[in-house]
Amino acid sequence: MAEDRKVYSIKDDSLGEVNIADEVVTIIAGLAATEVEGISSMAGNITNELVSKLGKKNLAKGVKVEVVDNCVTVDVAVNIAYGYAIPEISAKVQEKIKTAIETMTGLEVNAVNVRIASVDMGNSK
C-alpha cells in the first residue's frame with residue numbers, strides 16, 4: 001500500500017488482520033449519499049472539479065472522513081435537486097451513510113455532518 005495512506009485495522013485475530021484505507025471509507029460514504037433520491041450530485045472543491053472534468057472519476061468528491069479509535073466522523077457536501085425537502089433528504093443521507101459504513105466496515109459512525117452546497121434546478125421532482 002502507498003505510504004501516505006491512512007489505514008485502520010478492523011479485524012485482528014488468529015486468522016490474520018484486515019486493514020482498510022481511509023479513502024475506502026470515504027468512497028463508501030460518497031456512494032451511499034448519491035443513492036438517496038433528491039441528491040443530484042456530490043459537491044467538491046475546485047481541485048476535485050478539475051479532476052472530474054479531466055475524465056478521472058472521483059468517488060470521494062465532497063466527502064471528508066476522520067477515524068479516531070475506530071469511530072468515524074463524516075463531513076459530506078452535496079447538491080440537492082430542486083423541490084426536495086432539505087431536512088428530510090439530509091436525514092436520509094445521514095442514515096444511509098451511517099448504515100453503509102457500519103455494515104461494510106464494522107467501524108462505528110459517531111456523526112454524519114451534511115452540507116447542502118447548492119440546489120440543482122435541472123434534476124427537480
| said: Distance check, rounded to the nearest 0.5 Å: Ile80 atom CD1 versus Ser41 atom OG? | reply: 11.0 Å
| Between CD1 on residue Ile20 and CD1 on residue Ile28, distance to nearest 0.5 Å | 5.0 Å
| field | Check: Val76 and Met42 side chains under 4.5 Å, non-hydrogen atoms | value | yes
| Whether over 12 other heavy atoms sit under 6.0 Å from Asp69 CG | no
| Can Val65 and Asp22 be said to form a side-chain contact (heavy atoms from CB on, under 4.5 Å), step by step? | CA-CA 7 Å; Val65 171; Asp22 61 344; 5.6 Å; no
| query | Of the non-hydrogen atoms in Asn19 and Ser9, which two are nearest, and what is the gap between them? | reply | OD1-CA, 3.2 Å
| Qualifying residue for side-chain contact (heavy atoms from CB on, under 4.5 Å) with Val74, from Val25, Val114, Ile101, Asn113 | Ile101
| Does the side chain of Lys11 reach to within under 4.5 Å of the side chain of Glu17, using non-hydrogen atoms? | no
| request: Applying side-chain contact (heavy atoms from CB on, under 4.5 Å), run through Asn110 and Val72 and close with a yes or a no. | output: CA-CA 6 Å; Asn110 284 342; Val72 183; over 6 Å; no
| Residue list, side-chain contact (heavy atoms from CB on, under 4.5 Å) with Val36, at least two apart or on another chain | Ile39, Ile89, Lys92, Val93, Lys96
| field | Glu66 side chain vs Thr73 backbone, donor-acceptor pair below 3.5 Å | value | no
| field | Check against side-chain contact (heavy atoms from CB on, under 4.5 Å), Val109 and Ile97 | value | CA-CA 9 Å; Val109 176; Ile97 290 173; 5.7 Å; no
| query | Hey, any chance Tyr84 and Met121 share a hydrophobic cluster, counting ILVMFWY side chains that come within less than 4.5 Å of each other, even indirectly? | reply | yes
| Residues Ser40 and Asn79: side-chain donor-acceptor under 3.5 angstrom | no
